[in-house]
Amino acid sequence: AVSKECVALYKYMWEKNDLVSARKLWDKLMPVFDFAGNNGYISVVKALCKIYGRDQGDPKAPIGTLSEEKVAVLKKHVDALRAEKDLINK
């Protein structure tokens, strides 16, 4: 769900040596990474797939799904990241 952004981060750091832009993008990526780390990576990835129309079903037991409230927070973080189109498509 954030693959484009990760590729852009790589390009800023290693191909363009633009550490200012890399840092700006990293600052936008961190809330998504923190959320995944604090709420279960598999549950977060499954929720992201569902958000973006690629429903992969619920995680298998014993891993649970995210609550509606957590999905809303996740979507807010990803929407904020995706709003940085100029930074991602540069």
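Heavy atoms only: backbone and side chains are in, while hydrogens, waters and symmetry mates are out. For clarity, every value in this text was computed on a predicted model and none was experimentally measured.
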Please indicate whether [X] has more than 12 foreign heavy atoms, meaning atoms of other residues, nucleotides or ligands, lying under 6.0 Å from its [atom1].
X     : atom1 : result
Glu15 : CD    : yes
Lys16 : NZ    : yes
Ile42 : CD1   : no

Looking at every non-hydrogen atom in both residues, tell me the closest pair between Ile88 and Ala8 and how far apart they are.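 Where Ile88 meets Ala8 most closely, the heavy atoms are O-CB, 3.7 Å.
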What are the two closest heavy atoms between Leu66 and Asn39, and how far apart are they?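 Taking Leu66 first and Asn39 second, the nearest heavy atoms are CD2-O, 3.7 Å.
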How would you list, by chain and number, every residue that makes a salt bridge (Lys or Arg N to Asp or Glu O under 4.0 Å) with Lys70, sequence neighbours excluded?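 Lys70: no salt bridge (Lys or Arg N to Asp or Glu O under 4.0 Å) contacts found.
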Euclidean distance, Leu81 CG relative to Lys4 NZ, rounded to 0.5 Å: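 One gets 10.5 Å once the value is rounded to the nearest 0.5 Å.
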Going by heavy atoms in the side chains, are Val7 and Lys11 under 4.5 Å from each other?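 Of all side-chain heavy-atom pairs linking Lys11 with Val7, at least one is under 4.5 Å.
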Backbone N/O of Gly64 and side chain of Ser43: donor-acceptor pair under 3.5 Å: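 Flag set: sc Ser43 to bb Gly64 pair under 3.5 Å.
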With no hydrogens and no angle check, is any side-chain donor or acceptor of Lys46 less than 3.5 Å from a backbone partner on Gln56?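 Yes, the answer is positive, given that a donor and an acceptor are paired below the 3.5 Å cut-off.
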Is Tyr52 reachable from Val44 through a run of I, L, V, M, F, W or Y residues, each pair having side-chain heavy atoms under 4.5 Å apart?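 Yes, same cluster.
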Of all residues at least two apart in sequence or in a different chain, which pass the ring pair (Phe, Tyr, Trp, His ring centres under 6.0 Å) check with Tyr41?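 Tyr41 satisfies ring pair (Phe, Tyr, Trp, His ring centres under 6.0 Å) with no other residue.
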Side chains of residues 22-36: which donor-acceptor partners sit under 3.5 Å, not counting sequence neighbours?
from  : atom 1 : to    : atom 2 : distance (Å)
Arg23 : NE     : Asp27 : OD1    : 3.0

